[in-house]
Number of protein chains: 2
Amino acid sequence: MPPRKRATITDVAAAAGVAASTVSRAFTHPGRVNVHTREHVLAVAEELGYAPNPAARALESGRTRTLALLVPDITNPYFAGVIKGAERGAAAAGLTLVLGDTAENPAQEAQLVRRLGPAVDGFVLSASRLPDEELRRAADLNPIALVNRATPGLACVVADFDSGTRQIVDHLASLGHHSLVFLGGPPESWSGARRWAGLRAAAEERGLGATRFGPYVPALAGGAAAADAAIAAGATAVVAHNDMLAIGVMLRLAERGVDVPGDVSVVGFDNIVGADFCNPPLTTLAERTEEAGARAVEAVAAQVLSRTDDPPTRVLPTQLVVRRSSGPVPG
Amino acid sequence: MPPRKRATITDVAAAAGVAASTVSRAFTHPGRVNVHTREHVLAVAEELGYAPNPAARALESGRTRTLALLVPDITNPYFAGVIKGAERGAAAAGLTLVLGDTAENPAQEAQLVRRLGPAVDGFVLSASRLPDEELRRAADLNPIALVNRATPGLACVVADFDSGTRQIVDHLASLGHHSLVFLGGPPESWSGARRWAGLRAAAEERGLGATRFGPYVPALAGGAAAADAAIAAGATAVVAHNDMLAIGVMLRLAERGVDVPGDVSVVGFDNIVGADFCNPPLTTLAERTEEAGARAVEAVAAQVLSRTDDPPTRVLPTQLVVRRSSGPVPG
DNA sequence: TTGAAAGCGCTAACAC
DNA sequence: GTGTTAGCGCTTTCAA
């Protein structure tokens, strides 16, 4: 069964008694056509419910006016902000956004990049799991911007983890803690590595001890093992790979009768929806995820217009949101 | 600046020493080409990094192998499940998913439908705010499936609110409550109307009183006003339009020293991420949002293949998840 | 089994 | 200011 028939530019041209090219101009170069003809053409188009066929435009121009955003897990609230920001940025630039879920799987990510490549003008890759080399190869075919992943030669938007981790360490130090335990996430996570590196450096600077446990599943479910390890180690302050893990940790701590923040302070990363209403509300490092998404789209759009040799890396500020899960060291 | 050059079918044909049509066949009708030629062609294509241009295919066939999913608010965790399910369904059918955020705005939704129409094979509209008539008009041009919205003549996937609301009322009745207060969401919300209608009917059946307050903003922020109204009315059980509102209500109740569930029981709708870790964990009606997304995609895909006169309405079961926010009536 | 040629809807280059 | 024409990359007749 054929798709419903839509009015084409020829239909409009015939109905308006002009050439197809005039209809085309009326839409794309309104200035280059007589005001009267244009209005007439637009009226006829409206009446016929005509809308230009993007596929045909794309074929001619090589531009699809479409961007793809690939995220590891659409349901992860962290990416909701990135998606929202990218959506907003794309809409502002008159671009369509295609969304892809890579299921945290590099192979799936590579396949999507390959398959979507010819259909889009560029990619925003959020928390990409692809090796640097593969990213660069993909960037030869399509403009790419990375979110929370830095690869030399590619446009990147990253959170300022150096400042962020220092804020966390300063906060814990000011509460009298002498050491912290980092509950790590997936080993391949670029931002996970940056978080730990930053914490470690800041802790050393401040004379705090810092230990890393894990890797744990960066989800509620990963919290039990992480919390048990932290308890066994006698930690007074734990910093989790992300908020979901942090909340999972607090759930387990409560289950085991450990008071937060009385016995243990808990800090997360991301400031997701829910960090404000979990129990106790979570102290966490807020990233500007929406802005990151929007900026990444901008970066790709800019590269579409003029290929840059040295695309920029943008560092977005981070801010520690102190809630009730962190408090003075016990004793 | 022109987009990067990609290998075209002609490049592959030239490199393989065959005609373009043979390359085309090697990809689309593998059976109709000599095994040797095909393998050779595919090898050359692989080497050149060739991938068929979807825009060109779409132009010829009128099929884009792309579906659009429109949601009122991407960041709302409720829609994360729908998105995930739709994404999965689309991937399974070899379709690309385009995502659009309508910002809860009917005009924006209409514009997206219009603009995306020629670029996609069909739409999944989640919690559409469009009037029935407009939906039907859009359905003349593109196959459409609705999620949690029923419009005669269109394919719909809806949650079983009749059963769901009965489960809620039965649960409250079994706890000894004599009446409930419904804290309503947006007046245009189809599912909001269904929820209230169901609660009301079930309450009457069970001999419980049921009152509706609102409308409130269906978000954390709407909770304060809603909670205050419930307190003023002396409610022992409140059912909120959705989980975000319910959690917002609990936050305000805690602030005002009202114990949940000691003084007031709170029930939500949606079972979002966070309903399990808010304080206290929320009793809520779980919908199968992922399945809804996947089924809706299936429904659209089926209509693409053969236009049906009477597309089906699918009702998905709902299940009350009892957590600690609901308890025996006080006194 | 394969090649040549036409055409999908649109835009741009070139006439007039 | 507007019409004519060619061609974007691909699939699909139609011949061979």
Side-chain angles (χ1 to χ4, degrees), chain A residues 2-42 44-45 48-66 115-121 141, chain B residues 2-42 44-45 48-66 115-121 141:
Chain A
R4 282 76 162 166
K5 17 182 172 300
R6 288 181 165 275
T8 72
I9 202 170
T10 340
D11 298 334
V12 178
V18 297
S21 51
T22 302
V23 178
S24 172
R25 275 188 289 258
F27 277 89
T28 44
H29 305 288
R32 295 190 205 163
V33 66
N34 183 299
V35 192
H36 286 95
T37 13
R38 188 185 64 215
E39 281 177 356
H40 178 223
V41 165
L42 293 183
V44 171
L48 265 48
Y50 168 77
N53 182 331
R57 282 185 161 174
L59 194 51
E60 156 66 24
S61 64
R63 294 274 164 69
T64 59
R65 302 205 58 76
T66 298
R115 210 174 78 84
L116 255 27
V120 302
D121 288 347
L141 292 172
Chain B
R4 282 76 163 165
K5 19 182 169 304
R6 290 182 164 274
T8 72
I9 202 170
T10 339
D11 299 332
V12 178
V18 298
S21 48
T22 302
V23 178
S24 172
R25 276 188 288 257
F27 277 90
T28 44
H29 305 288
R32 294 190 206 163
V33 67
N34 184 300
V35 192
H36 287 96
T37 6
R38 188 185 65 215
E39 281 177 357
H40 178 222
V41 165
L42 293 182
V44 171
L48 265 49
Y50 167 77
N53 182 330
R57 283 185 159 174
L59 194 50
E60 157 66 23
S61 65
R63 293 274 164 69
T64 59
R65 300 205 58 75
T66 298
R115 211 173 76 84
L116 256 26
V120 301
D121 289 346
L141 293 173

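To find a chain, count down the sequence lines: A is the first, B the second, and so on, and within it residues start at 1.
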Taken to the nearest 0.5 Å, the spacing of B:Arg25 CZ from B:Asn34 CG works out to 12.0 Å
Looking at every strand, decide which applies to A:His29 at a 4.0 Å heavy-atom threshold: base, sugar-phosphate, or nothing.
sugar-phosphate
Below 4.0 Å from chain A heavy atoms, what is the first contacting nucleotide of DNA chain D and what is the last?
D:dG1 to D:dG9
Which heavy atom of B:Ala119 sits nearest to which heavy atom of A:Pro54, and what is that distance?
CB-CG, 3.6 Å
Reported CD1-to-OH distance for the pair A:Ile9 and A:Tyr50, which is rounded to 0.5 angstrom:
4.0 Å
Going 5' to 3' along DNA chain C, which are the first and last nucleotides with any atom under 4.0 Å from a heavy atom of chain B?
C:dT1 to C:dG9
Mind checking B:Ser21 for me? I need base, sugar-phosphate or nothing, with any heavy atom below 4.0 Å counting as a touch.
base
With sugar-phosphate meaning primed atoms plus P, OP1 and OP2, does B:Pro118 contact a base, only sugar-phosphate, or nothing at under 4.0 Å between heavy atoms?
nothing
Heavy atom of residues 7-18 of chain A under 4.0 Å from DNA chain D: which residues?
A:Val18
For B:Leu59 and B:Ala19, find the nucleotide of DNA chain C closest to each by heavy atoms; which residue's nucleotide sits nearer the 5' end?
B:Ala19
How is A:Tyr50 classified with respect to the nucleic acid when contacts are heavy atoms under 4.0 Å: base, sugar-phosphate, or nothing?
sugar-phosphate
The side-chain contact (heavy atoms from CB on, under 4.5 Å) partners of A:Ala15 (sequence neighbours excluded) come to A:Val44, A:Leu48
Which residues pass the side-chain contact (heavy atoms from CB on, under 4.5 Å) test with B:Thr28, not counting sequence neighbours?
B:Ser24, B:Arg57
Provide the closest heavy-atom pair for A:Leu42 versus A:Ala26 in the form atom of the first, atom of the second, distance.
CD2-O, 4.4 Å
Give me the atom names and distance for the closest heavy-atom approach of B:Arg6 to B:Asp11.
O-OD2, 3.9 Å
In degrees rounded to 10°, what angle is found between the helical axes fit to the five outermost pairs at each end of the helix from C:dT1-D:dA16 to C:dC16-D:dG1?
40°
If you take all heavy atoms of B:Val33 and B:Thr22, which pair is closest and at what distance?
CG2-CG2, 3.9 Å
Pairing residues for A:Arg115 by the side chain to side chain donor-acceptor pair (under 3.5 Å) criterion, not counting sequence neighbours
B:Thr96
Shortest non-hydrogen contact between B:Ala55 and A:Ala58, atoms and distance
CB-CB, 3.9 Å
Short side-chain to backbone donor-acceptor contact, A:Arg38 and A:Pro30, under 3.5 Å
yes
First of B:Ala56 and A:Arg25 reached from the 5' end of DNA chain C, by closest nucleotide:
B:Ala56
What is the distance from atom OG1 of A:Thr66 to atom CG of A:Leu116, rounded to the nearest 0.5 Å?
9.5 Å
Residues that A:Thr64 engages under side chain to side chain donor-acceptor pair (under 3.5 Å), provided they are two or more places apart:
A:Asp121
